[in-house]
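First up is the structure itself, then whatever we jot down about it.
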Amino acid sequence: MTLTEFLQHLANGISLGSLYALIAIGYTMVYGIIRLVNFAHGDLLMVATYMAFYGMLLFSLPWPLVFILAVILTTVMGVTIERVAYRPLRDAPRITVLISAIGVSFLLQNLGLVVFGGRSKAFYVPPFFATINHIGETAVPNLVWFIPLVTVALLMILMHLLYRTRIGMAMRAVARDLDTARLMAIDVDQVISFTFVVGSSLAAVGGLMWGLKFPQINPLMGAMPGLKCFIAAVIGGIGNISGAVAGGFVLGVGEILLVAFFPDLAGYRDAFAFVLLILTLLIRPTGLLGERVAEKV
Amino acid sequence: MDRNNNLLYTLIAVLVLAVVLAWAQTGLFGLVSPWNPYTVRIMNLCAINIGLGLALNLVNGFTGQFSLGHAGFMAVGAYTVALLVMSPAAKQMNFFMVPLVAPLDKIQVPFLVGIIMAGLLAALFGLLVGAPVLRLKGDYLAIATLGFAEIIRVVIVNVKGLTNGALGLKSIPGHTNLWWTAAYAALTVLLMVRLVNSSYGRALKAIREDEIAAEAMGINVFYHKMLAFVLAAFLAGVGGGLQASLIGSIDPAMYKLPLTFQILLMVVLGGMGSITGTVIAATIVTALMEILRFVESPLTLGAIHLPGIPGMRMVVFSLLLIVVTLFYNRGLMGDKEFSWDLLHSRRQTKQGVTQ
């Protein structure tokens, strides 16, 4: 493998990794605050791409406007899901909430199949993203640097939100101890809703990026990225935002380089994430950056 | 009500069931004809799903370990049966892209041997998967088992010389009939009842209620979890094998998460930790899968013509799962079981009221 090829793969890996990171942040925030694997997170990604698809196809609106509308509508949907399917189960065993989340995920997928049809559709990629730049001999489409840029920008906004604002402080308090936070007069339900606002909008942005990167969209497209990004969050240490970013990069770069160095293993690409997950859980269950928590009796 | 009477009732019930099954499958002594194949097929599916549901309930309901790896073990069972029971000629027809590896292309064994091998191989996978992942708890365990099921599926897609890859296997001999499936369901029920009422079953329930307390009481937690997990894998393998032989063709895409979800729906609907519940729910869900086909076919109500909506059934089932978890999360039976005494005591109290 020449250096140019390697750099090419690395650029792709970083691009994919930052996309994983973006979606993983949403998972990790929701998990951090209510200890729930939000299975529907990946399907929100699908919902966002379809909204953008139909926005551009039916109403022929300009793409920046469509993207913003898609993010807003998906966010509303994410918050509604929390209100309807998760909030009534706040005091139920965690497994019950998990089953509810699985149910919502399947509802979205099957509803997607009914409403949008099962056939894959071609997502419109605005010319801006498809333009290819050459850095040395490495070909870099605009999209490849655009995705990491978006991730970094959103990450900075998020960090500001979490560590410099009142609602961010409330979120951290609820994540640390929900009951005590409630005693401190924090409106826990509102904070959880807000967490879903943040998580769902990140999923929507991630979904739009995903649609631009892999422009074949279908109602089941959210399932695999959803699982992989949850895995990224676990690898980095769930509940920890820097961890989610680290996990996303490890997974994205690892996946691309695995295929680059061992082309024979290309078919096993989807299994790579799961192998990495199981190794992480066995060797370092709290993830790369997670804190070790002693089990309370 | 003494024990002997209960035993008698059970025997009568089993006998009646056997006669009905014989009638459905072969007809009775040429006097009445067998039931139509469509009904019999649904009955077969019901019986297989009862077994599969009970296997999942053993791990998720009785032991309290949330596993989402059922489809993986079913895939192992299905491929084992297909590869062992198909005739060499049929195998040659299937493997036209990459030939089947050496000894397997000549081997053909009786169905029973194939089914048992399917169970044993799935159990072996259960052992290999369970040993590392059963140290995890709750949602981590769910994701890890889901991950293993997905790995099994990806491997099946890629090992073309053994599994024919994404093309799957066709014309698997259809040995499965009501006798096989009913025996599978009945033996699973029997096994579960015996297990749950033994010291093992009490240990499993103790682990479900409080793992740390159970360990403090001297229960070997890991051993019991493994026992439940491997047994469930065995039953899932057998069920997968029977299903493969019933359907006649398999491919890796069948064994994705939706399959596990379908079985999970039966367990949750029936009540986590109830054998009776799973049996009832498996029957209802399987039957509904067929009955609800009408929502997918075009419908004409007088002047109104509704086009058929394919995929609507699964929407109904996802909604059902959400509604049950939200409003009725103990399921049909909670963790209660059917017993003759229960029926009898109810009748007595009713009589008492009327007198």
Side-chain angles (χ1 to χ4, degrees), chain A residues 31 35-37 39 81 84-89 92-115 117-118 219-220 223-224 227 230-231 234 238 264-282 285 295-297, chain B residues 60 64-66 68 129 132-133 135-144 146-155 157-160 165-166 210 212-213 216 256-258 260-262 264-265 267-268 272 296 309-327 329:
Chain A
Y31 192 92
R35 303 281 178 272
L36 162 72
V37 184
F39 267 88
I81 290 172
V84 175
Y86 304 156
R87 187 175 294 181
L89 297 171
R94 275 166 59 191
I95 291 303
T96 314
V97 196
L98 188 70
I99 296 172
S100 182
I102 295 175
V104 173
S105 164
F106 277 88
L107 179 64
L108 288 181
Q109 287 178 12
N110 290 306
L111 217 53
L113 283 171
V114 168
V115 177
L220 302 181
M224 199 37 111
L227 280 176
F230 176 72
I231 291 171
V234 173
I238 195 124
D264 291 344
L265 293 181
Y268 291 95
R269 186 176 157 170
D270 283 343
F272 174 71
F274 293 103
V275 173
L276 210 57
L277 166 81
I278 288 157
L279 289 179
T280 311
L281 288 178
L282 295 180
E295 193 172 330
K296 280 179 265 184
V297 179
Chain B
N60 290 21
Q65 307 299 310
F66 200 79
L68 289 176
V129 172
V133 299
R135 286 186 236 164
L136 307 168
K137 291 192 186 84
D139 26 25
Y140 283 98
L141 177 68
I143 295 287
L146 171 62
F148 263 113
E150 198 61 26
I151 291 173
I152 290 176
R153 204 181 61 79
V154 172
V155 169
V157 172
N158 282 287
V159 189
K160 295 194 175 68
D210 191 332
I212 296 166
K256 284 185 174 175
L257 188 59
T260 307
F261 159 72
Q262 208 175 326
L264 183 68
L265 174 69
V267 173
V268 174
M272 305 255 270
E296 296 190 357
I309 310 168
M312 204 59 201
R313 277 184 306 162
M314 289 317 288
V315 174
V316 173
F317 280 109
S318 347
L319 276 175
L320 191 64
L321 184 72
I322 298 174
V323 169
V324 169
T325 18
L326 282 180
F327 301 110
N329 65 35

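By convention in this document, chain letters (A, B, ...) are assigned in the order of the sequence lines, proteins followed by strands, and residues within each chain are numbered from 1. Values below: all heavy atoms of this structure, side chains included; hydrogens, waters and symmetry mates excluded.
In this structure, A:F106 CZ and B:L319 CG are separated by 14.0 Å, a value rounded to the nearest 0.5 Å. In this structure, CD1 on B:I143 lies 7.0 Å from CG on A:L98, to the nearest 0.5 angstrom. A distance of 5.0 Å separates CG of B:L146 from CG of A:L227, quoted to the nearest 0.5 Å. Here CZ of A:F39 is found 6.5 Å from CG of B:L257. Values are rounded to the nearest 0.5 Å. Separating the CG atom in A:L89 from the CZ atom in B:F327 is a distance of 9.0 Å, to the nearest 0.5 Å.
When every heavy atom of B:M272 is checked against every heavy atom of A:I99, the shortest pair comes out as CE-CD1, 4.3 Å. Contact record, A:G267 with B:V154: O-CG1, 3.5 Å, taken as the closest heavy-atom pair. Of all non-hydrogen atoms in B:A144 and A:L277, the two that sit nearest each other are CA-CD2, 4.2 Å. Taking all atoms of both residues into account, the shortest heavy-atom contact from A:F274 to B:G147 is CD2-CA, 3.0 Å. B:F66 and A:I102 make their closest contact through CE2-CD1, 4.2 Å (heavy atoms, listed as atom of the first residue, atom of the second, distance). Between A:G103 and B:L321, the closest heavy-atom pair is CA-CD2, 3.7 Å.
Classified by interplanar angle (parallel below 30°, tilted 30° to 60°, perpendicular above 60°), the ring pair B:Y140/A:Y31 is perpendicular.
Residue contact with chain B, scored on non-hydrogen atoms closer than 4.5 Å, is absent for A:L108. Within the 4.5 angstrom heavy-atom criterion, no atom of B:L265 approaches chain A. Using a 4.5 Å cut-off between heavy atoms, B:V268 touches chain A through its side chain atoms alone. With a 4.5 angstrom heavy-atom cutoff, B:V155 touches chain A via backbone and side-chain atoms both. Interface residue B:A142: only side-chain heavy atoms are found under 4.5 Å from chain A. With a 4.5 angstrom heavy-atom cutoff, A:L281 touches chain B via backbone and side-chain atoms both. Contacts of A:V275 with chain B are made by both backbone and side-chain atoms, with heavy-atom separations under 4.5 Å. In this structure, chain A has no heavy atom under 4.5 Å from any part of B:L320. Interface remark: A:R269 contributes no atoms to any contact with chain B (heavy atom separation under 4.5 Å). B:L136 touches chain A through its side chain: at least one heavy atom from C-beta onward sits under 4.5 Å away, while N, CA, C and O do not. With a 4.5 Å cut-off on non-hydrogen atoms, A:F272 does not touch chain B at all.
In terms of heavy-atom pairs under 4.5 Å with chain B, the best-connected choice from A:V84, A:I231, A:I95, A:L111 is A:I95. Annotation: maximal heavy-atom pairing with chain A below 4.5 Å, among B:M312, B:R135, B:E150, occurs at B:E150. When each of A:V97, A:V104, A:D270, A:L113 is checked for heavy-atom pairs under 4.5 Å with chain B, A:V104 comes out on top.
With sequence neighbours excluded, the residues forming a salt bridge (charged side-chain N to carboxylate O under 4.0 Å, His left out) with A:R94 are B:D139, listed by chain and number.
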